[in-house]
Amino acid sequence: GIPVKSFLLTWKENSYKMKERRYFGEGGSSMGQKSPLQIQAYEYLKDMILSGKLDPDVLYSETRMSAEIGISRTPMREAIQCLSQDGYITVVPSKGFMLRKLSEEDMEETIQIRCAIEGFCAHKAAAEIETKKGQRLLAVLERLLEKQEKILGGKNGPSRANLESGTCSKAALNQFMDYDHQFHMALIEYVGNQEFEKMFQRSLYLIHLTTQGALSIPGRTEDTLKEHRMFYSCLKNGEGDAAYKLMLVHLMMPLTLHLT
């Protein structure tokens with residue numbers, strides 16, 4: 001089961017994160033104005049899903065899940081409803097819930113939405129890159145690139161060699177994916193369009209599944225970092241059209257890999 005102590009510790013961690021962290025767009029979820037316990041249950045389950053701690057082939061009981069993490073069924077039920085609305089899970093009436101499965105149609109539609117949003121954001125950021133706000137974006141992206149490079153070069157990092165030999169740690173691959181999401185979310189947040197951020201949030205789990213599938217292919221992490229660096233270079237030089245085209249090719253890559 002899930003240790004109650006872990007849930008209580010996560011409560012404190014998430015209370016801090018919800019104030020300081022904007023990546024993953026927590027503010028755009030369907031939780032809205034909910035009680036602290038409902039929000040914590042939502043965040044805890046979401047973290048469990050994104051970290052791969054819940055099995056996609058298991059039917060989870062609302063009652064059992066409430067008991068395992070030590071909260072009543074009411075906030076758990078609300079959290080489950082909101083996770084369903086946000087696309088993380090599929091509710092099975094009178095039985096419980098299962099993690100949402102990624103279909104080819106889901107993948108294609110999610111990528112198309114991202115292309116529309118992030119393509120626009122790339123153009124806007126490139127046009128304003130000489131401003132203080134633009135320079136702050138570059139600084140954020142550069143730090144994330146450095147973090148991705150460090151994870152990739154680690155002993156058990158998600159490099160081609162480690163993925164091929166089976167020595168890549170799951171934690172390292174998840175961390176690389178986390179930085180990947182942060183890189184793209186930083187670009188979206190630059191524009192300051194709340195509807196963009198909400199759409200990214202609602203698509204987050206499908207984005208996570210798409211990214212996970214692509215980055216598990218040996219060599220894709222190296223290519224991802226290379227594409228991020230090329231995009232960064234175009235952005236830094238104010239080359240909006242080039243940045244736009246690179247972003248679309250980059251975002252379409254999981255679909256390209258899936259079809260080939």
Does atom NZ of Lys95 have more than 12 heavy-atom neighbours, drawn from other residues, nucleotides or ligands, at distances under 6.0 Å?
no
Heavy-atom check, side chain of Lys226 versus side chain of His250, under 4.5 Å
no
State plainly whether the residues Lys147 and Asp178 are in salt-bridge range, i.e. N to O under 4.0 Å.
no
Would a hydrophobic clustering, with Ile, Leu, Val, Met, Phe, Trp and Tyr connected at side-chain separations under 4.5 Å, put Ile80 with Tyr44?
yes
Please determine whether side-chain hydrogen bond (donor to acceptor under 3.5 Å, both in side chains) holds for the pair Ser72 and Thr74, giving the CA-CA distance in whole Å, both sets of side-chain angles, and the decisive distance to 0.1 Å.
CA-CA 6 Å; Ser72 66; Thr74 300; 4.8 Å; no
Tell me whether Glu146 is salt-bridged to Arg143, with the criterion being a basic N under 4.0 Å from an acidic carboxylate O.
no
Closest contact, heavy atoms only, Met177 versus Gln212:
SD-CA, 3.4 Å
Is Lys124 positioned over the aromatic face of Tyr190, cation under 6.0 angstrom from the ring centre and no more than 45 degrees off axis?
no
Under a 4.0 Å threshold between the charged nitrogen and the carboxylate oxygen, would Arg229 count as salt-bridged to Glu149?
yes
Determine whether a donor-acceptor pair (N or O, by modelled atom type, separation under 3.5 Å) exists between the side chain of Asn162 and the backbone of Pro158.
no
Main-chain N/O of Ile207 paired with Thr211 side-chain donor or acceptor, under 3.5 Å:
yes
Within a reach of under 6.0 Å around OH of Tyr232, are more than 12 heavy atoms found that belong to other residues, nucleotides or ligands?
yes
Check the pair Tyr88 / Leu45 against side chain to side chain contact (heavy atoms under 4.5 Å, CB included), numbers first and verdict last.
CA-CA 10 Å; Tyr88 291 89; Leu45 286 179; over 6 Å; no
Quick check on the hydrophobic clustering: are Tyr205 and Phe200 connected, directly or via other members, by side-chain heavy-atom contacts under 4.5 Å?
yes
Partner of Phe231 by side chain to side chain contact (heavy atoms under 4.5 Å, CB included), out of Lys245, Lys236, Glu239, Met247
Met247
Using a strict threshold of under 4.0 Å (side-chain N to carboxylate O), is an ion pair present between Glu62 and Arg73?
yes
Between Leu235 and Leu137, is any pair of side-chain heavy atoms under 4.5 Å apart?
yes
If you count the non-hydrogen atoms of other residues, nucleotides and ligands that lie under 6.0 Å from CE in Met98, is the total more than 12?
yes
Interatomic distance, Ile113 atom CD1 to Leu251 atom CG [nearest 0.5 angstrom]
12.0 Å
With the side chain counted from C-beta on, respond yes when Met199 and Arg114 share a heavy-atom pair under 4.5 Å apart, and no when they do not.
no
Tell me whether Lys101 is salt-bridged to Asp106, with the criterion being a basic N under 4.0 Å from an acidic carboxylate O.
no
Could you go through the side-chain hydrogen bond (donor to acceptor under 3.5 Å, both in side chains) check for Asp55 and Tyr60 one step at a time?
CA-CA 9 Å; Asp55 191 326; Tyr60 289 96; 5.8 Å; no
Measure from the side-chain N and O atoms of Glu108 to the backbone N and O of Leu255, and report whether any donor-acceptor pair falls under 3.5 Å.
no
